Amino acid sequence: MPNMSLKKNEMPVQAPEIRCHNFEEVALGYTKEQAIDEAARCLNCKNKPCISGCPVAIDIPAFIEKVKEGQFEEAYGILNRSSSLPAVCGRVCPQETQCESRCVRGIKGEPVAIGRLERFVADWHNAHTENAPEKPDSNGRRVAVIGAGPSGLTCAGDLAKLGYEVTVFEALHLAGGVLVYGIPEFRLPKAIVQKEIDNLTALGVTMNTNMVIGKTLSVDELFEDGFEAVFIGSGAGLPRFMGIPGENLKGVYSANEFLTRVNLMKAYREGSATPIQEAKRVAVVGGGNVAMDAARCAKRLGADEVSIVYRRSEEEMPARLEEVEHAKEEGILFRVLTNPVEILGNEEKFVAGMRCVEMELGEPDESGRRSPIVKEGSEFVLDVDCVVMSIGTSPNPLIRNTTQGLEVNRRGCFVVEEETGRTSREGVYAGGDAVTGAATVILAMGAGKTAAKSIHKYLESVCTTENAI
Ligand code: FAD
Ligand code: SF4
Ligand code: SF4
């Protein structure tokens, strides 16, 4: 008998007044009993609409059926056929606009908690399985992957499983991309990402960190070194600024720099080599997930007052609803329909306020959202001593500027053939944020998978003399 409750099983969480003082994970995960009870809400629909909402087409009803039966390892096997990072996606996927948005249980009541069940199964597997995957026999052919984010890691893993000798070149000192430098520990514990990276090294993938392609080595040099194909998964890590006066004052950060200092460099620890200036009143400009992460980090670093400053209304905010709710519970203030026009400094060039204007919404613009218009005579000064700019990112130009024959669009993203991830240069593939601009983990993973398949097909077709013998 299905469980006909209209509501999802609630996710146990750390209480807001406790969690806003620590960096430990907010959501604590379902117990075995909660997972089985939630799985019983799934109707195992014949036409499986939920699958069409998942960019990597996980067989959702099949894995949930196994959870219902308490066969968690079998459920993991089903997840793993389509996704190499289920513990990550179960936590950070925007499920409400993807798989869960298509669930029939959502027509009258809440959809099945697909993401929470995915997280439960992946965590159960990680807690109960010691075995690292076995290294497949090598086919002797080498592929280079640039960037160790979800697209690069997925591409590397899929190719390694096919016997390729894969080397990942990563600019930072740690692999993981945004999963380690951007998304904070309280949303995605780093140990989970590390476990996935350990699995890749067990498969034989070499992680070459502190290697900036375009500086330390060029794409051409990778081919000269004997790599037969290259995948570019270098993300979209170049921050944008508003271009208003005062953005170069001390105490103004891009969200990427702020989060990298906190997450990767542990700025909150005493004696950190990359400290963040102590701030009492922080303004985070922007309304996406990155802004929510920066604001919640600022609160945990000890700020008395943290505000999200967003030029549209809350309805237009691109951040996930759950993240907005968590931020509000933690005391983050939402100053919507507000736009900064100048950051003010003191004599020592530290931030000493932010001049803002109030906005109202006009006609929809090309994005379909109502465009914000300045309300006349509404200028005021917000009392802040730190400003974090979180208004978007674009791909870093380094690789495109140092590589011949790579077509990019006007946003600086690599142009690829959608079905294969093939770029305009032979043997070079690309995917993830470097192609789409800032998007999601699951889309980046999907692109890595597509490219791995195409690279395999391509290399099968270009048999070298050595391989032909
Ligand atoms: P990235 O994860 O950016 O990885 C690219 C890697 O390439 C980086 O490690 C970088 O150092 C490396 N690199 C760059 N240039 C070079 C070079 N020249 N040589 C060598 N290495 C290089 N998505 C979600 O689905 N859910 C969320 O909740 C979510 N929250 C987010 C929160 C934050 C703070 C941010 C910044 C993003 C968030 N995203 C979220 C978006 C998601 O993380 C990205 O879409 C995804 O990580 C893109 O993966 P990628 O592999 O394309 O690139
Ligand atoms: Fe849903 Fe994301 Fe899991 Fe796909 S990977 S089933 S979209 S949570
Ligand atoms: Fe289960 Fe919902 Fe998918 Fe139907 S649509 S199979 S109820 S998860």
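Order of listing sets the numbers, starting from 1, for every ligand and every atom in it. Any value given below was found using the heavy atoms of this structure, including those in side chains, with hydrogens, waters and symmetry copies removed. On a predicted model such as this, the values are computed, not experimentally measured, just so you know.
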N/O to N/O under 3.5 Å, ligand 1 against protein:
residue  : atom   : partner : partner atom : Å
ligand 1 : 2 (O)  : V178    : N            : 3.0
ligand 1 : 9 (O)  : E170    : OE1          : 2.6
ligand 1 : 9 (O)  : E170    : OE2          : 3.0
ligand 1 : 11 (O) : E170    : OE2          : 2.7
ligand 1 : 18 (N) : I213    : O            : 2.8
ligand 1 : 19 (N) : I213    : N            : 2.9
ligand 1 : 21 (N) : A171    : N            : 3.1
ligand 1 : 25 (O) : V441    : N            : 3.0
ligand 1 : 26 (N) : V92     : O            : 2.7
ligand 1 : 28 (O) : V92     : O            : 3.4
ligand 1 : 28 (O) : R187    : NH1          : 2.8
ligand 1 : 28 (O) : R187    : NH2          : 3.2
ligand 1 : 30 (N) : R187    : NH2          : 3.1
ligand 1 : 45 (O) : D433    : OD1          : 3.0
ligand 1 : 45 (O) : D433    : OD2          : 3.0
ligand 1 : 45 (O) : A439    : O            : 3.2
ligand 1 : 45 (O) : T440    : N            : 3.3
ligand 1 : 51 (O) : P150    : N            : 3.3
ligand 1 : 51 (O) : S151    : N            : 2.9
ligand 1 : 51 (O) : S151    : OG           : 2.8
ligand 1 : 52 (O) : D433    : N            : 2.9

Open item on the list: Would R296 pass as a cation-pi partner of F186, given that its NZ or CZ must be under 6.0 Å from the six-membered ring centre and within 45 degrees of the axis?
Closed with: no

- [ ] Kindly indicate whether a cation-pi arrangement holds for R141 with Y164, taking the cut-offs as under 6.0 Å to the six-membered ring centre and within 45° of the axis.
- [x] no

Proximal ligand 2 atoms for [X], defined as those under 4.0 Å from one of its heavy atoms:
| X | result |
| --- | --- |
| C93 | 2 (Fe), 5 (S), 7 (S), 8 (S) |
| E118 | 3 (Fe), 5 (S), 6 (S), 8 (S) |
| Q95 | 8 (S) |
| I58 | 3 (Fe), 5 (S) |

What is the closest protein heavy atom to [atom], and at what distance does it sit?
| atom | result |
| --- | --- |
| atom 7 (S) of ligand 2 | Q98 OE1, 3.3 Å |
| atom 1 (Fe) of ligand 2 | C99 SG, 2.3 Å |
| atom 4 (Fe) of ligand 2 | C54 SG, 2.4 Å |
| atom 5 (S) of ligand 2 | I442 CD1, 3.4 Å |

TODO: Determine whether L43 and M4 make a side-chain contact, defined as any pair of heavy atoms from C-beta on separated by less than 4.5 Å.
DONE: yes

Inter-residue atom distance [X].[atom1] - [Y].[atom2], 0.5 Å rounding:
| X | Y | atom1 | atom2 | answer |
| --- | --- | --- | --- | --- |
| I146 | I232 | CD1 | CD1 | 5.0 Å |
| M445 | T450 | CE | OG1 | 10.5 Å |
| R187 | R320 | CZ | CZ | 7.0 Å |

TODO: Report the C-alpha distance between Q34 and T31 in whole Å, list the side-chain angles of each, state the deciding distance to 0.1 Å, and finish with yes or no for side-chain hydrogen bond (donor to acceptor under 3.5 Å, both in side chains).
DONE: CA-CA 5 Å; Q34 284 171 316; T31 61; 3.3 Å; yes

Open item on the list: atom 4 (Fe) of ligand 2 and C89: any N/O/S contact shorter than 2.8 Å?
Closed with: no

Task: side chain to side chain contact (heavy atoms under 4.5 Å, CB included) between E165 and T206, intermediate numbers included - done: CA-CA 8 Å; E165 292 189 8; T206 305; over 6 Å; no

Task: E278 atom CD: more than 12 heavy-atom contacts under 6.0 Å - done: no

TODO: Please check if atom CD in E426 has more than 12 non-hydrogen atoms from other residues, nucleotides or ligands closer than 6.0 Å.
DONE: no

- [ ] Apply side chain to side chain contact (heavy atoms under 4.5 Å, CB included) to R19 and E330, showing your working.
- [x] CA-CA 8 Å; R19 70 184 193 234; E330 289 167 17; 2.5 Å; yes

Open item on the list: Let's go through V262 and F23 carefully: what are the C-alpha distance in whole Å and the side-chain angles of both, what is the deciding distance for side chain to side chain contact (heavy atoms under 4.5 Å, CB included) to 0.1 Å, and is it a yes or a no?
Closed with: CA-CA 10 Å; V262 179; F23 276 85; 3.6 Å; yes

Task: Contacts of type side-chain contact (heavy atoms from CB on, under 4.5 Å), residue T260, not counting sequence neighbours - done: Y181, L264

Task: Under-2.8 Å protein N/O/S neighbours of atom 2 (Fe) of ligand 3, ordered by chain then residue number - done: C103 SG

Open item on the list: According to salt bridge (Lys or Arg N to Asp or Glu O under 4.0 Å), who are the partners of D37, at least two apart in sequence or on a separate chain?
Closed with: none

